[in-house]
Amino acid sequence: MGEQVDKAQILVASNRGPVSFSVDDDGSLSFRRGGGGLVSGLSSVAAEIDTLWVCAALSDADRKAASSAPDGRLDRAGFDLGGARVRMLDIPEQTFANAYTSVANSTLWFVHHMLYDTPNKPLFDAAFRAEWEDYRAYNASFAEALVTGAAEGAKAAVQDYHLALVPRMMRGRRPDLRIAHFSHTPWAPPEYFGMLPADIGRELLEGMLGADHVGFLSRRWADAFLKCCETFLRADVNWDHRTVDHGGRIVRTGVHGLGADAEGLRERAEQEDVAERRATLRELVGGRRLVLRVDRTELSKNIVRGLAAYRELLRTRPEWRGRVTHLAFAYPSRGDVPEYRAYTESVRRIAEEINEEFATPEWTPLILEVNDDYPRSLASYQLADVLVVNPIRDGMNLVAKEGPVLSHDGCAVVLSTEAGAADDMGGAAVMVNPYDVSETAEALHTALSMPDDERRARCERLVEASVALPPQRWFTDQLRALG
Ligand SMILES: O=P(O)(O)OC[C@H]1O[C@H](O[C@H]2O[C@H](CO)[C@@H](O)[C@H](O)[C@H]2O)[C@H](O)[C@@H](O)[C@@H]1O
Ligand SMILES: O=c1ccn([C@@H]2O[C@H](COP(=O)(O)OP(=O)(O)O)[C@@H](O)[C@H]2O)c(=O)[nH]1
């Protein structure tokens with residue numbers, strides 16, 4: 001094959017790729033889908049569009065898989081990704097740890113989700129500056145892979161806060177490319193973004209402005225980005241056209257509210273492994289009302305306050321005791337960040353407290369599972385009466401959209417005003433302030449007490465909102481925005 005044939009017209013770049021590998025007892029490699037909403041959204045796109053998906057090798061097994069693939073490109077047929085070729089970058093371990101764990105997840109994620117416990121953190125010192133150098137190097141590895149993998153005039157869709165510097169790095173080397181950057185997180189308002197050292201804040205913004213089009217999941221997050229450009233770059237923002245004039249270029253911004261992949265989800269949910277889990281869950285719940293939550297064990301998902309609300313419901317509305325089961329499926333996430341390990345412990349602690357306070361020989365009020373079981377999550381969506389999604393801040397939250405799509409008999413959704421999903425689902429969900437545990441407890445009561453007709457009718461509206469912009473269209477809209 002000639003060089004040009006191997007080059008891609010459409011490229012995607014994200015830290016986490018569509019699959020992750022593990023080494024089996026016999027030394028062979030097996031794979032599973034990557035977790036989280038970014039992968040859920042992009043996998044179905046990659047299955048249909050001929051793309052080169054550049055991602056990082058996240059484990060030794062990933063590195064092994066990548067090194068055994070010709071040119072580091074994994075066979076597209078191997079893992080159900082129709083159109084995509086996957087290039088996993090083998091980034092040196094320490095560089096990756098500093099870029100992903102320290103800068104991206106312990107700093108940028110905390111800024112955008114406003115998670116800092118400010119008397120102690122953040123703290124920007126010489127050690128942070130060294131980590132920042134590695135964040136630059138990690139971004140440079142992605143930029144290199146993209147510019148070398150892109151055909152003349154190709155379109156590249158760079159994803160998320162991990163890769164904020166990539167667009168500018170690419171533009172310097174390949175002005176022929178059309179580049180989009182898309183944020184799956186909220187964007188911090190200037191008052192919070194301003195915590196970052198001024199030069200680093202500017203480098204991030206200017207890095208993203210290397211793109212032709214900068215996309216967000218909600219108008220709220222796009223507004224905050226534009227305000228940061230005005231505040232920290234003194235850039236000229238045209239609020240009518242929502243463009244930024246900086247460094248002699250005009251960059252467009254856009255809002256693309258990613259929806260659920262209804263068809264893909266329904267197809268996946270018909271498989272045998274989901275049916276088996278559904279039967280097990282039915283038995284576990286034993287005819288009681290089912291309150292469900294499905295999250296990464298993630299600080300911003302606000303799991304502890306959500307469980308505290310369930311405890312308050314059982315305390316203040318004793319009529320629900322024995323009549324409801326709460327399933328909380330929390331799949332492990334970012335275990336290298338100490339705050340995440342501590343948070344997972346506090347989730348376990350409150351779960352134990354709730355069961356100690358209310359359990360009877362016949363009834364376990366709360367079943368918490370901290371592990372990754374995607375088919376079990378799909379089965380639980382089918383059965384839930386009430387789905388709780390109460391993040392402190394969330395770019396979108398696809399769980400809120402997937403639940404109603406798969407629900408068998410209509411589920412009510414208790415939804416935080418601070419999730420991007422609230423933009424289009426707010427009218428049909430029971431809305432809560434994520435910090436207000438009492439309000440959330442009352443919302444649980446409202447959702448549990450909802451007459452069947454109303455619950456089903458609301459669920460239909462939730463489904464409509466959830467599928468309004470399916471992943472394929474979400475992605476092609478962005479490509480179209482590139483011209
Ligand atoms: O890759 P991880 O560090 O394990 O984290 C998983 C993903 O978390 C974030 O997901 C976001 O994307 C979703 C889809 O747009 C959105 O619904 C959700 O609100 C976001 O939190 C992160 O932005 C991704 O980069 C991670 O892969
Ligand atoms: O064990 C599980 C349970 C759920 N999910 C999926 O992870 C995604 C979570 O996306 P969301 O946007 O809600 O939040 P994120 O974790 O990306 O912040 C959803 O598509 C879930 O179906 C998963 O990968 N593994």
Side-chain angles (χ1 to χ4, degrees), residues 12-20 32-45 55-56 58-59 96 99-101 104-106 108-109 112-113 115 158-164 182-187 215-218 221 256-261 264-265 268-269 274 277 292-303 327-337 340 369-381 387-403 405-406 415-416 418-423 425 466 469 471 474-475 478:
V12 167
S14 63
N15 173 68
R16 183 173 294 280
V19 287
S20 64
R32 64 195 312 167
R33 73 189 282 290
L38 180 149
V39 166
S40 297
L42 277 169
S43 294
S44 52
V45 171
C55 57
L58 304 181
S59 64
F96 180 77
Y100 175 66
T101 304
N105 287 343
S106 303
L108 303 181
W109 180 271
H112 289 312
H113 291 82
L115 288 174
V158 179
Q159 311 295 309
D160 246 344
Y161 57 101
H162 317 88
L163 303 179
F182 194 87
S183 289
H184 294 259
T185 60
W187 193 268
F216 296 90
L217 288 165
S218 163
W221 320 142
H256 308 273
L258 174 63
D261 170 26
L265 279 169
R268 178 67 187 83
V274 176
R277 283 159 178 84
L292 173 71
R293 66 177 307 136
V294 176
D295 323 81
R296 279 187 297 113
T297 47
E298 160 62 58
L299 284 69
S300 62
K301 303 293 178 187
N302 206 21
I303 304 170
L327 297 182
F329 295 148
Y331 48 105
S333 181
R334 306 184 190 170
D336 291 337
V337 181
Y340 280 62
E369 295 285 353
V370 183
N371 52 32
D372 183 355
D373 189 339
Y374 183 64
R376 185 189 57 197
S377 298
L378 300 186
S380 66
Y381 292 150
L387 178 65
V388 187
V389 179
N390 65 322
I392 290 166
R393 260 165 98 77
D394 216 333
M396 174 55 69
N397 199 295
L398 284 181
V399 167
K401 296 188 164 181
E402 293 168 356
V405 166
L406 287 189
L415 181 61
S416 162
E418 305 312 303
D423 292 357
M425 300 175 75
S466 300
L469 190 60
W474 165 80
F475 190 70
Q478 286 174 66

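These numbers come from a predicted model, not from an experiment. First listed ligand is number 1; within each ligand, the first listed atom is number 1.
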Chemist: Hey, is ligand 1 close enough to R296 that some N/O pair sits below 3.5 Å?
Modeler: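 Yes, since at least one N or O of R296 sits under 3.5 Å from an N or O of ligand 1.
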
Chemist: Looking only at N/O atoms, are N397 and ligand 1 under 3.5 Å apart anywhere?
Modeler: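 Min N/O separation from ligand 1 is below 3.5 Å for N397.
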
Chemist: With heavy atoms of W109 as the reference, note each atom of ligand 1 found under 4.0 Å away.
Modeler: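 Answer, ordered by atom number: 9 (C), 21 (O), 22 (C), 23 (O).
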
Chemist: Relative to the heavy atoms of H162, which atoms of ligand 1 are at a distance of less than 4.0 Å?
Modeler: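 Contacts of ligand 1 toward H162, numbered from 1: 25 (O).
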
Chemist: Answer with yes or no whether H184 contacts ligand 2, where contact means a heavy atom under 4.0 Å from a ligand atom.
Modeler: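 False for this residue.
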
Chemist: So is R296 in contact with ligand 2, going by heavy-atom distances below 4.0 Å?
Modeler: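 Contact check R296 vs ligand 2: positive.
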
Chemist: Under 4.0 Å from any heavy atom of S40, which atoms of ligand 2 are there?
Modeler: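 This gives 8 (C), 19 (C), 20 (O) as the contact atoms.
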
Chemist: Going by the atom numbers of ligand 1, which of them fall below 4.0 Å from some non-hydrogen atom of L398?
Modeler: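 Selected atoms, number and element: 17 (O).
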
Chemist: Rounded at 0.5 Å granularity, tell me how far NE2 in H113 sits from OG1 in T185.
Modeler: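 Rounded to the nearest 0.5 Å, the NE2-OG1 separation comes out at 6.0 Å.
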
Chemist: Decide whether an N or O pair under 3.5 Å exists between L258 and ligand 1.
Modeler: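 Not met; the criterion fails.
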
Chemist: Any atoms of ligand 1 less than 4.0 Å from a non-hydrogen atom of Y100? List them with their elements.
Modeler: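 Result: 1 (O), 2 (P), 3 (O), 4 (O).
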
Chemist: I'd like to check which ligand 1 atoms, numbered from 1 as shown, lie under 4.0 Å from a non-hydrogen atom of L217.
Modeler: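 Near L217, the atoms of ligand 1 are 15 (O).
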
Chemist: Closer than 4.0 Å to some heavy atom of G395 - which atoms of ligand 1 meet that?
Modeler: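 Going through ligand 1 atom by atom, the ones under 4.0 Å from G395 are 19 (O).
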
Chemist: Run the numbers for me: atoms of ligand 1, each under 4.0 Å from some heavy atom of D160, listed by number.
Modeler: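 Atoms satisfying the 4.0 Å criterion: 22 (C), 23 (O), 24 (C), 25 (O).
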
Chemist: In the protein, which heavy atom is nearest to atom 1 (O) of ligand 1, and how far is it?
Modeler: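 So the nearest neighbour among protein heavy atoms is R16 NE, 2.7 Å.
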
Chemist: Under 4.0 Å, heavy atoms only, figure out whether ligand 1 is touched by the backbone of M396, its side chain, both or neither.
Modeler: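 For M396, backbone and side-chain atoms both sit under 4.0 Å from ligand 1.
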
